[in-house]
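Down below is the structure, laid out as structure tokens.
Numbering starts at 1 and runs along the sequence shown. The shown structure was predicted, so the numbers you read here are calculated from the model rather than taken from an experiment.
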Amino acid sequence: MGVTPGAGLTRLPAEPEAAVPGDTAAAPAPDRFLPAPSAARRSLPPLALGWVVALSVTKVAFHLATSAMYGLHRDEFYYLAAGQHPALGYVDQPSVTPLLYRLSAEVFGVSTVGLHVLPALAGGALVVLAALLARELGGGRVAQGLAGLVALVAPLYLTPAHFLSTVTVDLLAWALASWLVIRLVRTGDPRLWIALGLVVGIGLENKHTMALWCLGVAAGLLATPERRLLVSPWLSGGVALAAACFVPNLVWQAEHHWASVEFISHLRQRVGTLNLVEFLPTQLGLVTVVGPVIWILGLRWMLRPGDGQRHRWLPLAYLAVLTVVLASSGKGYYVGSLYLPLVAAGAVVIERSWDRRNQRRLAIAVAATGAAMAPLFTPILPASALGVVPLATVNPDLGAMLGWRHVVTEIAAVYRSLPASQRANAVILTDYYSEAGALNYWRGSLGLPPAISGHNNYWWWGWGHASQSATTIAVGLPGARLAPYFARVERVATLGDDHIQIDPLEKGQPIWVCTGQRVPWAALWPHLRLYE
């Protein structure tokens, strides 16, 4: 790789100066709330278009090529179901990701490959954003290529590019929002607050953790001279736009007894201690085991006096988010959405201060360690190999993609074993949304009735046309939980007994046939609610 020195970044002076001729950034309208444009607003390095396109296309092609190696993830069935029940919110997430599933199903179809097109494209977009972040910080061809390489191979950016989840959109929203703030600091253009408000609003409508980004960035700006950017009516406009995007979800929460608050409380009680144990090691591996060398250099550059210091708000924002997530026993990857701008900053340092030989060695190390870790975070090995190499035990997301068609087939066999008179109005009740979602995904081809569940938003969708006189096939629920409500509860099968590879969380789950329902569904339903 050739080296193109990045443009130096200096602090905005107190007194206005003439803008540098040839500045590629559009000059903002005069604003009495901000200093006039200065020499710091110089031209950015050229976009390394060849590197960016090559890395982005490689990522998209890789994820499309491996999109059908396993099957749909357990959460994908739920997202699909939620997309078929459009709402302003859901128990465990706002509305953006389920609506994207609805869009994806309409445009690309509901096959495994079709549903994995959008996340693959999102992965490619992350590569582009990584390069743009490095460029905005003054990085040239080497910095942009190195940042894009991390976005291509790092574990943090593999699973979310394989299947669409709230994390996929969260990574994009945090990276794009960070790019806008970095550009705002560089140019002083207050109109960027409007674009930022839109990105933050969409981010909040996807995942509530976007509020962590807002908290961190606000703390970082307030603690540095860049706080002057907060004194602008354009900021008020951006805040109003973000609020307008997020208010619909707040309305839904109020109408549904603040279900997400209860959900988060239950989640913290269940996994809080585990999160603390895994938290710090997770930070060291999210962008490959070599990655910390890059982002720690970025932190150091921005915290020390010099041309990086004008972006000191960014490491302060990172430390604020890290502290809040750690103190609240949050998941380690919650902080991960802020690593891409830190990696971009470190890539700029490496471009400017490392010789070409060491730059190449680092790039090779990033690519090699990323490739070595990839089978743990995205389908590469044949599914049959997971029975020999216990990767699904280490990363439950891999196991969550295994054997769902077989799970449904096992449940369907129990349904078909019922006498015709019982099949006519039978009910399939599942413990978790994944089982209900998978049953509903394939029920048309197998002639099954709609599945119902008390898990998360499935509880709000109710019991459908189930009647008290129906025979109930219960999947995954403890027998003791069913016994008070049925005269007869008989265990007729166990999922995974035939040794075919299925999601480890499903293996050994009981299937019951329940008859003689003692109370109507309206009375039973409140006892089935499960938020986790």
Side-chain angles (χ1 to χ4, degrees), residues 62-81 97 101 104-105 109-120 123 155 158-168 271 333 372-414 428 430-443 445-446 448 451 453 455-456 458 475-477 493-511 532:
F62 167 75
H63 286 290
L64 288 178
T66 58
S67 61
M69 283 198 67
Y70 296 174
L72 294 180
H73 188 281
R74 61 163 47 231
D75 288 350
E76 292 186 86
F77 298 112
Y78 179 50
Y79 289 133
L80 271 173
T97 297
Y101 266 88
S104 181
V110 295
S111 68
T112 304
V113 174
L115 290 175
H116 290 164
V117 172
L118 276 187
L158 289 177
T159 304
H162 177 72
F163 79 94
L164 185 67
S165 69
T166 55
V167 177
T168 310
V271 299
Y333 72 81
M373 298 172 73
L376 188 56
F377 295 97
T378 195
I380 294 179
L381 300 177
S384 57
L386 298 188
V388 179
V389 184
L391 297 181
T393 304
V394 180
N395 180 12
D397 277 328
L398 289 180
M401 303 174 194
L402 299 176
W404 278 102
R405 173 71 187 211
H406 185 70
V407 168
V408 171
T409 300
E410 287 188 86
I411 299 169
V414 172
I428 302 180
T430 73
D431 196 17
Y432 289 107
Y433 60 55
S434 46
E435 298 144 351
L439 284 161
N440 289 330
Y441 180 78
W442 279 295
R443 77 178 186 87
S445 61
L446 295 174
L448 298 174
S453 176
H455 189 201
N456 290 359
Y458 261 100
V475 181
L477 287 88
T494 301
L495 291 175
D497 260 2
D498 51 9
H499 307 295
I500 291 179
Q501 226 172 2
I502 64 173
D503 183 340
L505 293 181
E506 295 301 310
K507 194 170 184 62
Q509 293 298 321
I511 304 178
E532 65 173 41

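Side-chain atoms of T430 and Q509, non-hydrogen and from C-beta on, never get closer than 4.5 Å to each other. A heavy-atom distance below 4.5 Å is found between the side chains of Y333 and V167. Residues M401 and F163 form a side-chain contact, since some pair of their non-hydrogen atoms from C-beta on lies under 4.5 Å apart. Inter-residue side-chain proximity for F62 and T378 is flagged as met; some heavy-atom pair is nearer than 4.5 Å. The shortest distance between side-chain heavy atoms of Y78 and N456 falls below 4.5 Å. In this structure, D498 and H406 have side chains that are in contact, with non-hydrogen atoms separated by less than 4.5 Å. A 4.5 Å side-chain heavy-atom check between L115 and Y101 finds at least one atom pair inside the cut-off. Contact annotation: the side chain of L64 approaches that of V117 to within less than 4.5 Å [non-hydrogen atoms, C-beta and beyond].
The two residues D431 and L477 come nearest to each other via the heavy atoms N-CD1, 3.3 Å. Nearest heavy atoms, P379 versus L398: N-CD2, 4.2 Å. Taking both residues in full, the closest heavy atoms of S67 and V113 are given as OG-CG2, 3.6 Å, listed atom of the first, atom of the second, then distance. Across all non-hydrogen atoms, the minimal contact from I380 to P375 is CD1-N, 4.0 Å. In plain terms, the two heavy atoms of L80 and A105 that are nearest each other are CD2-CB, 4.3 Å. The two residues S104 and G114 have their closest heavy-atom pair at OG-O, 3.5 Å.
Here the OG atom belonging to S111 is positioned 8.5 Å from the CG atom belonging to L72, to the nearest 0.5 angstrom. Here M69 contributes atom CE and T112 contributes atom OG1; the two are 13.0 Å apart, rounded to the nearest 0.5 Å. Summarising the geometry, atom CD belonging to E435 is positioned 12.0 Å from atom CG belonging to N440; distances are rounded to the nearest 0.5 Å. One finds the CD1 atom of I502 at 5.5 Å from the CG atom of L495 (value rounded to the nearest 0.5 Å). The structure places CG of L448 at 8.5 Å from CD1 of I411, a figure rounded to the nearest 0.5 Å. Here the NE2 atom belonging to H499 is positioned 6.5 Å from the NZ atom belonging to K507, to the nearest 0.5 angstrom.
By the side-chain hydrogen bond (donor to acceptor under 3.5 Å, both in side chains) test, T409 is found to be paired with no residue, residues two or more places apart in sequence or in another chain being considered. Applying the ring pair (Phe, Tyr, Trp, His ring centres under 6.0 Å) test to F377 and every residue at least two apart in sequence or in another chain returns nothing. Contacts of Y70 classified as side-chain hydrogen bond (donor to acceptor under 3.5 Å, both in side chains), with partners at least two apart in sequence or in another chain: none. For Y441, the ring pair (Phe, Tyr, Trp, His ring centres under 6.0 Å) criterion is met by F77, not counting sequence neighbours.
Below 30°, between 30° and 60°, or above 60°: for H162 and H63 the angle between ring planes is between 30° and 60°, a tilted geometry.
Screening residues 388-400 for salt bridge (Lys or Arg N to Asp or Glu O under 4.0 Å), with sequence neighbours left out, gives no hits. Identified under the salt bridge (Lys or Arg N to Asp or Glu O under 4.0 Å) test for residues 68-78, with sequence neighbours left out: R74-D503, R74-E506.
The backbone N or O of G508 sits nowhere less than 3.5 Å from a side-chain atom of T494 that would complete a donor-acceptor pair. Remark: side-chain polar atoms of H455 are paired, donor with acceptor, to backbone N or O of Y433 under 3.5 angstrom.
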Quiz prompt | Verdict with supporting geometry, E410 and V475, side-chain contact (heavy atoms from CB on, under 4.5 Å) | solution = CA-CA 11 Å; E410 287 188 86; V475 181; over 6 Å; no
